[in-house]
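This report concerns only the one structure given below.
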Amino acid sequence: MKFASSYEPGEYESDIYAAWEASGIFSPKISSLPIDDNGDGVDDRICTKSSQTFSIVMPPPNANGNLHIGHGLTVATEDSLTRYYRLRGRSSWYVPGADHAGFETWVVYERELEKQGHTRFEYSRDELYSRVWSFVAEQRGNMELQLRALGASCSWEDLTFTLDENVIDRVYTTFEKMWNDGLIYRGEKLVNFCPKHQTAFADIEVEHEDEKGTLWDIAYTYDGGEIIVSTTRPETLFGDVAVAVNPEDKRYKKLIGKTVKLPLTDREIPIITDEHADPEYGTGAVKITPAHDFDDFEVGERHNLERIRVIAEDGKMVNVPEAYYGLTTTECRKKVLKDLKDQDLLRGEKKIEHNVAHCYKCGTTIEPMLKEQWFVDVEKLAKTAIEHLENDEIRFYPENKKKVIINYLKGLKDWNISRQIPWGIAIPMFKKIDDRATDEPEWIFDRRTNLREIEKAGVKYVRDEDTFDTWFSSSHWPIVCTNWTEENFNPYYPLNVMETGADILFAWVARMIMMGLYVTGEVPFREVYLHGLVLDEHGKKMSKSKGNVINPMDLVTKYGSDAFRLGILRGRSAGLNQAFSENSVVAGRNLCNKLWNISRLIQSIVDEKESTSSESYTTENMGEDWICREINNCLEMVEKDMKDYRFAEAVEALYQTIWDKYADWFLESQKIYQNAELLKTTLETLLIAIHPFAPFVTEAIWQNLSWTEGFIATSKWPVKLKYDPISAEEFENIRIIVSEVRTTLQGLPGTNNAKKYNLLYDKDSLVEDNQLLIRALTKVPAINALEGAPRGLRLALANHELYLDVPAKVVEEYKDALTEKILSVGRELDALNLRMMNPNYVDKAPAHLVKETRDQITEKEQLIDRLKQQLELI
RNA sequence: GGGGUUUUAGCUCAGUUGGCUAGAGCGCACGAUUCACAUUCGUGAGGUCACAGGUUCAAGCCCUGUAAGCCCCACCA
């Protein structure tokens, strides 16, 4: 095959991915079944487990949607790790996933139904479930194709969908265990309820926003007086069961224990004391509505108060006087206010700013609603998780997140796992409907959720209509993706690393840790790497409403998959929300093209030399030793950066080495002396080293090169190159000389100086021996031995006797620049001398630093001498 | 209210145990040119490291405080 003059990703990427996939190289090589090769009855995988495997699972993208830029970062990060460890020889398993995304998908589907003029209430739960299933099935596939386009080297036959049978099975097993352990309870609690979506939300799914509101003062009367309470929700007064005042509040001391008449009703309610009442706020007296307010619920618990529900799930009034019955909360508020005013009980109103909870999908105000729900008692789970975290069993990147997650777990409230939507895993609980069977428990666990009714021992039960909170099932992710079981040892569990967004640290990571420990007794992963949000180029959050959303697929199409991966990893570090810049993707694209052309050049040299394939090379000149040293340094940096999850730094090191060192110095030098075997080895080394980040272009090159075999994706991580360190260091002198020649020529008056002036050397074997090379790198027309007295312009930085053969007239024009240079070196010298004159520095600083300073002083002094010689030559 | 985090060149970011004469990419300026690559090569100009104190021989880095931004959690009847 031939190398075109530029790399066109579109021509290679899909074919390459298809070839990888067809060859099965992304499947892990170690079976998940027990192996006992030596017949000692012990599973042989146990001893070598951690050093031989690498496992990572994909946070499942929504099966129903397209990938966004955050997924792009996720894949770039996770796949780089996977490919790196695969090259390092580990049996690597990257398990892909798809999320049924319970609520997200439900919202989309319900909108779809509305468009068709239907509502969910026309169908049974089971009908809805199968309808959404088909809906998602139609959409699925998009997301998987996009993951392939990003180069994700995952094991597709292991793709796990969150509604797969084994997932449901595992979730039921856990639930059953929790039920038997008494960790599951049915409780009447206030939940965040969205009246539009008719479902409860976890606290974490609710968004709080500041809003303008009104605080009304209402008079609650008693015989011979009244107490004024302040409220933002007058319509809930029908649910009031008490008025609370602060025990320290002197104003109301006398009223404690009295009863007052609840306005617009005949009911009498007591005046109680509770810390919750803030004397500073409003009138200091607060109405207590346990069924419709979170704080009041707690006050009610403390004082054992009744909970009166006055708002139904559809957002309409119930359990209220006839005149208000069936009104919406808004209508009811109006009427209550009007009626209070008519009865002269409304004593004032004040505009305030307060924080209101909203549904994160539709923006509807969340109604705290009293509901029977399934809860997980999290106390023990959280406690165990904290113990293991404090025991440093999981390493976090960034480190500080460990503290944050422990802090969260310490204050964790019981977990409401019921959701009132059909799209999800059915809760496997059945309620007794046979009242005569009084000895039987009210609720029983049963896996047969495909049935609406079951019969056990002659008693009939009906299935709970609710489904699980998605986090309940996804907290099993490391367990279900690796097919962990109670019976067999699994070499892929715990995962080596969990990679995900820092924004779901609480919702997901914390729950996976609790669940992993509960189910398997082990932490589910050894390390956690959290990435931040990808912000737009101005550092703002991407959102549809702002119109600043960037589609990763557009970038892949425009610049190639590798360019996207290199670009998105650049300038990014763990846990931080950082801006995205298309420029970085452009730089990535350019690097791919550079790699392509480097390979093209090397292939042409190899062809020309008809190099017979031999494994070893010998270095023959300084540049060759030098590049081996630089490549070794680069490998070391990449290895360390990968261990520390410093992807941006690893990419940076490779970029600098490939471009600045390999292409601009080494390959240029190879235009004089060519070492085909070394070129082959060094190219392979660099291609493999950057393969984790740029899989497609490196594979495309690998397949085009005449001497390589197999896939680069499954090649071996390179060993360090052998070289002569003294020779390598000598090449630095050449670099210094070349750089100075270039700089000086650019600084001289006139243009095209490189072609005008020759370089003269005096008794210098380094320059004499490397004339060709220096000429090629500097472009000077000739390099000659100096004859007679020194002339022209002496090069001062390089510690060699070198002169540019420049006419006196030109040097004269350069004089000012030279004088300025002498002054600036003089200033640096002064600073160094000042440091040495400080006795504390000489006494206290480490000896090697003091010596370094002394050496620098000597160097500067010599440099000034040489610069002065330049002046004298004029 | 609690917690976290950021502030370094025009822009986006490195700077890991204090040794810095503060780096990179992009952008900018100047120069080169067809023999791997204009998705190129060479050279250069850009910085009171947010601010104020402190510790130290030495502070971008450590400590105290201030300011501005961002994120998360809790919550205001």
Side-chain angles (χ1 to χ4, degrees), chain A residues 3 5-7 203-204 208 215-216 229-233 236 244 276-278 281-289 293-296 352-355 357 398 400-401 403-404 407-408 411 502-503 505-506 532-533 535 537-541 559 563 570-573 575-584 586-587 589-605 640 644 646 648-649 652 655-656 663-664 667-668 671 739 742-747 751-755 777-779 827-828 831-832 835 838-846 848-850 852-853 856:
Chain A
F3 281 100
S5 67
S6 68
Y7 173 59
D203 293 341
I204 216 157
H208 292 268
L215 188 65
W216 286 278
V229 304
S230 303
T231 182
T232 52
R233 302 205 58 191
T236 63
H276 167 62
D278 177 2
Y281 195 88
T283 59
V286 55
K287 65 197 224 27
I288 301 299
T289 324
D293 181 281
F294 286 98
D295 290 320
D296 293 3
I352 55 155
E353 186 129 308
H354 64 155
N355 206 284
N400 69 299
K401 295 291 177 189
K403 210 170 70 188
V404 176
N407 197 32
Y408 169 77
D503 51 331
L505 179 68
F506 298 154
L533 293 177
L535 307 174
E537 55 179 338
H538 306 293
K540 300 279 172 235
K541 219 168 172 171
Y559 301 108
R570 191 155 226 189
R572 213 162 279 284
S573 37
L576 295 181
N577 300 342
Q578 283 161 313
F580 171 81
S581 110
E582 192 163 329
N583 278 336
S584 300
V586 172
R589 188 267 318 256
N590 294 353
L591 179 63
C592 292
N593 190 56
K594 192 75 183 176
L595 277 169
W596 183 261
N597 275 290
I598 284 171
S599 308
R600 185 153 84 116
L601 173 67
I602 291 175
Q603 180 67 64
S604 73
I605 293 172
K640 186 165 190 307
D644 297 338
R646 293 165 62 86
E649 287 71 17
E652 197 61 35
Y655 190 102
Q656 303 288 345
D664 290 345
L667 287 185
E668 288 306 315
K671 287 176 179 171
S739 292
R742 286 170 175 170
T743 312
T744 312
L745 287 169
Q746 290 273 352
T751 61
N752 228 343
N753 290 324
K755 290 197 166 160
L777 294 173
T778 57
K779 308 264 196 320
R827 283 191 294 271
E828 289 167 18
L832 290 169
R835 194 184 298 170
N838 180 348
N840 286 325
Y841 174 71
V842 182
D843 284 355
K844 294 184 182 171
H848 74 273
L849 284 173
V850 178
E852 197 177 285
T853 309
Q856 282 172 351

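A, B, ... follow the sequence lines: proteins, then strands. Residue 1 opens every chain. Computed over heavy atoms, backbone and side chain alike; hydrogens, waters and symmetry mates excluded.
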Review point. Which whole number of Å gives the distance between the C1' atom of G46(B) and that of A29(B)?
Key: 11 Å

Practice item. Ignoring hydrogens and angles, tell me if any N or O in the side chain of Asn838(A) forms a donor-acceptor pair with the backbone of Asn840(A) under 3.5 Å. Key: yes

Check your understanding: On RNA chain B, nearest-nucleotide positions of Gly747(A) versus Ser599(A): which is more 5'?
Key -> Ser599(A)

Review point. Quantified in whole Å, what is the C1' atom distance between nucleotide C70(B) and nucleotide G10(B)?
Key: 22 Å

Review point. Could you give the CZ-to-P distance, from Arg646(A) to A24(B), as a whole number of Å?
Key: 17 Å

Review point. In whole Å, what is the span from the CD atom of Glu852(A) to the C1' atom of C57(B)?
Key: 15 Å

**Study point:** OP1 or OP2 of U5(B) under 4.0 Å from side-chain N/O of Asn400(A)
**Key:** yes

Review point. Ala845(A) near the nucleic acid: base, sugar-phosphate alone, or nothing, with a heavy-atom cut-off under 4.0 Å?
Key: base

Practice item. Look at all strands and tell whether Thr289(A) reaches a base, only sugar-phosphate, or nothing, counting heavy atoms closer than 4.0 Å. Key: nothing

Exercise for review: Identify the heavy atoms of Tyr655(A) and Leu591(A) that sit nearest to each other, and give their distance.
Suggested key: CD1-CD2, 3.6 Å

Point to revise | Nearest-nucleotide pick for Ser6(A), side chain only, options being G19(B), C71(B), U39(B) | key: U39(B)

Study note, to complete from the structure: Result for 5'-nearest mapping on RNA chain B, choosing between Leu215(A) and Asn583(A), is Asn583(A)

Practice item. Measure the distance from CD on Glu582(A) to P on U12(B) and round it to the nearest whole Å. Key: 16 Å

Point to revise | Sugar-phosphate, base or nothing in reach of Arg835(A), heavy atoms under 4.0 Å | key: sugar-phosphate

Review point. With respect to the phosphate group of U39(B), does any side-chain polar atom (N or O) of Lys594(A) fall under 4.0 Å of OP1 or OP2?
Key: no

Exercise for review: Would you confirm whether Asn597(A), through its side chain, and Arg600(A), through its main-chain N or O, come within 3.5 Å as a donor-acceptor pair?
Suggested key: no

Exercise for review: Can you figure out which of G19(B), U43(B), C41(B) approaches the side chain of Leu849(A) most closely?
Suggested key: G19(B)

Exercise for review: Work out which heavy atom in Arg572(A) is nearest to a heavy atom in Leu533(A); give both atom names and the distance.
Suggested key: NH1-O, 3.9 Å

Exercise for review: May I ask you to say what Lys287(A) touches in the nucleic acid, namely base, sugar-phosphate or nothing, with a heavy-atom cut-off under 4.0 Å?
Suggested key: nothing

Review point. Expressed in whole Å, how much space separates the C1' atoms belonging to G47(B) and A24(B)?
Key: 14 Å

Study note, to complete from the structure: Checking U21(B), C72(B), U5(B) against the side chain of Gln856(A) (C-beta onward), the nearest is U21(B)

**Study point:** Touch class at under 4.0 angstrom, heavy-atom based, for Leu505(A) against every strand present
**Key:** nothing

Practice item. Look at the side chain of Arg570(A) and the backbone N and O of Glu649(A), then say whether any donor-acceptor pair between them is shorter than 3.5 Å. Key: no

Check your understanding: Which part of the nucleic acid, if any, lies within reach of Lys671(A) when heavy atoms closer than 4.0 Å are counted: base, sugar-phosphate only, or nothing?
Key -> base

Review point. So what does Thr232(A) touch, heavy atoms closer than 4.0 Å: a base, only the sugar-phosphate, or nothing?
Key: sugar-phosphate

Point to revise | Residue-phosphate contact under 4.0 Å: Arg589(A) side-chain N/O, C37(B) OP1/OP2 | key: no

Review point. Base, sugar-phosphate alone, or nothing: which one does Ala663(A) contact when heavy atoms must sit under 4.0 Å apart?
Key: base

Check your understanding: Within the structure, does a side-chain N or O atom of Gln578(A) lie under 4.0 Å from either OP1 or OP2 of A14(B)?
Key -> yes

Practice item. Could you state the atom-to-atom distance from CD1 of Ile605(A) to P of C37(B) in whole Å? Key: 13 Å

Review point. C13(B) C1' sits how many Å from Glu652(A) CD, rounded?
Key: 9 Å

**Study point:** OP1 or OP2 of A14(B) under 4.0 Å from side-chain N/O of Ser573(A)
**Key:** yes

Point to revise | Closest to side chain of Asn577(A), choosing from C57(B), A36(B), C70(B) | key: C70(B)

Exercise for review: Please report the closest heavy-atom contact between Asp296(A) and His276(A), naming both atoms and the distance.
Suggested key: OD1-NE2, 3.7 Å

Check your understanding: Closest to the Val404(A) side chain: G25(B), G4(B), G19(B)?
Key -> G4(B)

Exercise for review: Enter syn or anti for the glycosidic conformation of G10(B), syn applying to angles within 90° of 0.
Suggested key: anti

Check your understanding: Got a second to check how far Thr289(A)'s OG1 is from Arg233(A)'s CZ, nearest 0.5 Å?
Key -> 8.5 Å

Check your understanding: With distance as the sole criterion, do the side chain of Gln746(A) and the base of G42(B) form a donor-acceptor contact below 3.5 Å?
Key -> yes

Exercise for review: For Gln578(A) and Ser573(A), indicate whether the former's side chain and the latter's backbone hold a donor-acceptor pair under 3.5 Å.
Suggested key: yes

Check your understanding: Donor-acceptor pair, Asn593(A) side chain versus Tyr7(A) backbone, under 3.5 Å?
Key -> yes

Check your understanding: What is the nucleic acid contact for Glu649(A), judged by heavy atoms within less than 4.0 Å: base, sugar-phosphate only, or nothing?
Key -> sugar-phosphate

Review point. Separation of Lys779(A) atom NZ from G31(B) atom P, in whole Å?
Key: 17 Å

Review point. Just to confirm, is there a sub-4.0 Å distance from OP1 or OP2 of C37(B) to any side-chain nitrogen or oxygen of Arg600(A)?
Key: yes

Review point. Which one, C37(B), C57(B), A36(B), comes nearest to the side chain of Asn593(A)?
Key: C37(B)

Practice item. Flag the pair Ile602(A) / Leu667(A) as yes when at least one side-chain heavy-atom distance between them is below 4.5 Å, and no otherwise. Key: yes

Exercise for review: Keeping the roles fixed (side chain from Thr853(A), backbone from Leu849(A)), state whether a donor-acceptor pair exists under 3.5 Å.
Suggested key: yes

Exercise for review: Could you tell me whether Asn590(A) contacts a base, only the sugar-phosphate backbone, or nothing, with contacts defined as non-hydrogen atoms closer than 4.0 Å?
Suggested key: base

Review point. Which part of the nucleic acid, if any, lies within contact of Asp296(A), taking any heavy atom under 4.0 Å across all strands shown: a base, the sugar-phosphate backbone alone, or nothing?
Key: nothing

**Study point:** Spacing of Asn407(A) atom CG relative to G4(B) atom P, expressed in whole Å
**Key:** 8 Å

Review point. Base, sugar-phosphate, or nothing for Pro846(A), non-hydrogen atoms under 4.0 angstrom?
Key: base

Review point. Taking N and O atoms by type only, does the side chain of Glu668(A) place a donor or acceptor under 3.5 Å from a partner on the base of A36(B)?
Key: yes

Exercise for review: Tell me the stems RNA chain B sits in, counting at least three consecutive Watson-Crick or G-U wobble pairs, each under 3.5 Å on both distances.
Suggested key: B:1-7 with B:67-73, B:10-13 with B:23-26, B:28-32 with B:40-44, B:50-54 with B:62-66

Check your understanding: Lys403(A) NZ to G3(B) C1': how many Å, rounded?
Key -> 9 Å

Check your understanding: Looking only at atom P, what distance separates C37(B) and G31(B), rounded to whole Å?
Key -> 24 Å

